[in-house]
Amino acid sequence: MKRLLPIAALTLAASAEDAPDYSKMKADQLFETLCSSCHGKDLNSGLGGSLVDGQWKHGATDAEIRKSISEGNLQLGMTPFKTVLNDDQIRMLVIYIREKEKDALAKGIEYPKPEPGKITHTDHEDYKIEMVVEDGLDIPWAIGFLPDGRKLVTERPGRLRVIGTDGKLDPEPIQGTPAVIHHGQGGLMEVAIHPDYEHNGWIYLGFADGWRTEDDKPRTITKYVRGRIKDHQWVDEEEIWKADKEFYTDQGVHFGTRLVFDQGYIYFVIGERYGWKQAQDVKRPNGKIYRLFEDGRVPDDNPFVDTEGAIPGIWTYGHRNPQGLALDPRDGSLWETEHGPRGGDELNVIERGKNYGWPIITYGMNYDGTPITGETEKEGMEQPVIYWQPSIAACGLDFYTGDQFPEWKNDLFAGALAQQEVRRLRIVDHQVTEQEIVLKNIGRVRDVASGPDGYLYIILNDPHRVIRLVPAK
Ligand code: HEC
């Protein structure tokens, strides 16, 4: 028996035998082939009506849109696609429609587009931008604050730079910092100053460690060390965490790399290095969040210390590429943002021993518009608090703890590379009750940090700058 083909496909294929192979199609092709005849190439016209105007007759949730596509509505002229498309393909179309919907809705919105000196009004606070470092940095990645007012900034190619108490960037990087492999997304990334720095002087670094093979192929993974700075020299280095040699890979992506301190413990991340399912394997170091004592020892009460073959430092698993990590100053909960695939960036609360699902469940699809999976939830796997669809490329995360912006106190600020945004999230009882874009389109946001002076510091790439938000008054 011939299978029932939707009208749009029939117009393309003379018979079922020559029907296009949908399984090889990416989201945009699939939409164009099967849907555009009724919903328009722009998703905004035709007899099927607009799919991007924010109005949903049959329900606005992902699940309801999925059902509309799957079950259709023959009486009203909407073809059911469940016999033609599998769950993964339908999920992919939902993501695609969501991306286009957001694009279309965003066109009508004027985001605050700050210029130096200009006052930007946001929902709760008005701010001005101050330039901290305009020139002289190459791919700055993270910022840390020393108690004497100096600031440390990493540059991905492998330098640790100092912004002096006079506010000027020291032309000389710190000498003797670890050799890093600057390859793809990796290099020198995290810098984190110990909360008791005044007494112990510890500075933690996270970076792409490794070597190059004879044919110049890099083998890398993120490593963490701590050390001190004396007379502009990196000294007293101690290894905090390092992977076994067998886990170093030639992949140039998904290094993760953030570290926070929590009362004698450190938490840090290792991205999945494009290892996908390896994120599910606690015998492998990648795609995990770790908890250790500050000196690198493994606490006895870590969740996998008794699991045969598991890496004992692991705290949680099933992560893709986490590049935001912050502790809520109110209750000590650990928050994380991670880059998902296209349409699947996540904000998570990190809890002991839990599985965050990648790549078994995800809200995203592949960058080229092919599906990963139709599964977004599963027993035993955590749901994100929110996910961003389309992706924002989440990078950098901090709770605002200063006094300069009282109405932002304890709000979470999330940076975004691709969307060039800083988003303010209000968190109440582990839920996001407000989400606002407070800054947009002045560069890719690599790091966001609440400064001890109460200003909100932002590290930008392209152009490579450090700026801070100061109250407009
Ligand atoms: C033969 C024409 C036709 C084709 C082909 C078609 N649609 Fe539709 N679609 C419609 C019509 C007509 C409606 C409106 C039904 C109604 O009024 O309830 C609709 C409704 C929908 C809805 C629900 C909208 C809402 O407001 O709740 C979604 C989602 C949708 N279509 C997605 C798709 C996708 C995805 C494809 C391709 C895989 C597709 N459609 C192909 C005609 C079509």
Side-chain angles (χ1 to χ4, degrees), residues 116 129-182 186-209 222-238 240 257-261 266 268 294 323 395-396 398 401-402 415 443-470:
I129 290 186
E130 273 183 15
M131 194 61 72
V132 180
V133 179
E134 185 162 14
D135 298 304
L137 287 171
D138 191 12
I139 323 181
W141 214 92
I143 187 166
F145 304 91
L146 294 173
D148 64 7
R150 287 179 301 160
K151 300 164 187 79
L152 299 180
V153 176
T154 52
E155 290 178 292
R156 201 171 66 193
R159 289 174 296 269
L160 182 61
R161 306 292 299 271
V162 182
I163 303 171
T165 45
D166 59 359
K168 294 213 166 66
L169 179 69
D170 191 324
E172 287 300 317
I174 300 294
Q175 301 299 308
T177 50
V180 310
I181 306 277
H182 186 216
L188 178 57
M189 293 171 277
E190 178 69 318
V191 56
I193 317 278
H194 192 285
D196 200 22
Y197 173 88
E198 240 158 325
H199 294 107
N200 62 30
W202 287 124
I203 295 161
Y204 288 63
L205 296 177
F207 56 94
D209 177 55
T222 302
K223 174 182 170 180
Y224 291 88
V225 300
R226 69 178 178 184
R228 299 188 173 96
I229 294 174
K230 279 199 190 104
D231 304 328
H232 225 66
Q233 287 278 333
W234 179 255
V235 295
D236 303 340
E237 182 174 302
E238 292 178 3
I240 296 297
T257 318
R258 296 282 180 193
L259 181 146
V260 297
F261 299 91
I266 49 173
F268 58 86
E294 289 171 358
Q323 293 197 314
C395 193
D398 207 2
T401 53
R444 292 157 59 76
V445 176
R446 184 65 74 175
D447 199 11
V448 184
S450 176
D453 50 14
Y455 302 136
L456 191 72
Y457 285 77
I458 296 159
I459 298 240
L460 299 173
N461 289 174
D462 309 314
H464 303 302
R465 287 175 173 167
V466 181
I467 59 167
R468 64 185 180 192
L469 308 189
V470 304

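In this text, all values refer to a predicted model and were calculated from it rather than measured experimentally.
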Hey, does [Y] have a side-chain heavy atom less than 4.5 Å from the side chain of [X]?
{"X": "E155", "Y": "L137", "value": "yes"}
{"X": "H182", "Y": "I139", "value": "yes"}
{"X": "R156", "Y": "D138", "value": "no"}
{"X": "T222", "Y": "E190", "value": "no"}
{"X": "V180", "Y": "L205", "value": "no"}
{"X": "R159", "Y": "L188", "value": "no"}
{"X": "I129", "Y": "L469", "value": "yes"}
{"X": "Y224", "Y": "T257", "value": "yes"}

**Study point:** Output field: ring centroids F261/Y204 closer than 6.0 Å
**Key:**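 Yes, the ring of F261 comes within the 6.0 Å limit of the ring of Y204, centre to centre.
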Review point. Which pair of heavy atoms, one from E237 and one from P178, lies closest together, and at what distance?
Key: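 Answer, listing the atom of E237 first, then P178: OE1-CG, 3.5 Å.
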Exercise for review: Looking only at non-hydrogen atoms, find the nearest pair between G176 and W234 and report the distance.
Suggested key: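 The pair with the smallest heavy-atom distance is O-CD1, 3.2 Å.
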Point to revise | Verdict with supporting geometry, D453 and R468, salt bridge (charged side-chain N to carboxylate O under 4.0 Å, His left out) | key: CA-CA 11 Å; D453 50 14; R468 64 185 180 192; 3.6 Å; yes
Practice item. Evaluate the criterion side-chain contact (heavy atoms from CB on, under 4.5 Å) for residue pair V133 and V153; output intermediate values, then yes/no. Key: CA-CA 10 Å; V133 179; V153 176; over 6 Å; no
**Study point:** Partner residues of P171 under the side-chain contact (heavy atoms from CB on, under 4.5 Å) criterion, sequence neighbours left out
**Key:**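 If we apply the side-chain contact (heavy atoms from CB on, under 4.5 Å) test to P171, skipping adjacent residues, there are no hits.
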Point to revise | Residues in side-chain contact (heavy atoms from CB on, under 4.5 Å) contact with P463, at least two apart in sequence or another chain | key: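 For P463 the side-chain contact (heavy atoms from CB on, under 4.5 Å) partners, ignoring immediate neighbours, are R465.
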Once rounded to the nearest 0.5 Å, what's the spacing between atom [atom1] of [X] and atom [atom2] of [Y]?
{"X": "I229", "Y": "L152", "atom1": "CD1", "atom2": "CG", "value": "5.0 Å"}
{"X": "T177", "Y": "Q175", "atom1": "OG1", "atom2": "CD", "value": "8.0 Å"}
{"X": "I203", "Y": "I193", "atom1": "CD1", "atom2": "CD1", "value": "5.0 Å"}

Check your understanding: Got a sec, which pairs hit ring-ring contact (aromatic ring centres under 6.0 Å, His included) with one end in residues 129-175, sequence neighbours left out?
Key ->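 As it turns out, the ring-ring contact (aromatic ring centres under 6.0 Å, His included) pairs with a partner in residues 129-175, which skip direct neighbours, are F145-Y457.
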Point to revise | Residue pairs involving residues 149-168 (criterion ring-ring contact (aromatic ring centres under 6.0 Å, His included); sequence neighbours excluded) | key: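 Listed by first then second residue: nothing to list.
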Review point. Stepwise, does the side-chain contact (heavy atoms from CB on, under 4.5 Å) test hold for I163 with D170?
Key: CA-CA 6 Å; I163 303 171; D170 191 324; over 6 Å; no
Review point. Cut-off 3.5 Å, side chains only: do H194 and E294 have a donor facing an acceptor?
Key: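 On atom types as modelled, these side chains qualify, holding a pair under 3.5 Å.
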Review point. Counting distance only, does the side-chain N/O of D166 pair as donor-acceptor with the main-chain N or O of K168 below 3.5 Å?
Key: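 Checked: pair present.
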Practice item. Output yes when a side-chain donor or acceptor of E134 lies under 3.5 Å from a complementary backbone atom of V132, and no otherwise. Key: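 No: the side chain of E134 does not pair with the backbone of V132.
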Let me have the donor-acceptor pairs involving side chains of residues 444-451, under 3.5 Å, with sequence neighbours excluded, atom names and distances please.
from	atom 1	to	atom 2	distance (Å)
R446	NE	N461	OD1	2.8
R446	NH2	N461	OD1	3.1
D447	OD1	R258	NH1	3.4
D447	OD2	I143	N	3.2
S450	OG	T401	N	3.0
S450	OG	T401	OG1	3.3

Exercise for review: Examine R228 relative to W202 and say whether NZ or CZ is less than 6.0 Å from the centre of the six-membered ring and inside a 45° cone about the ring axis.
Suggested key: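 The answer is yes, since R228 meets both limits relative to W202.
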Exercise for review: List for me each residue that meets side chain to side chain donor-acceptor pair (under 3.5 Å) alongside T165, sequence neighbours excluded, and say none if there are none.
Suggested key: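 Per chain and number, T165 pairs via side chain to side chain donor-acceptor pair (under 3.5 Å) with no residue.
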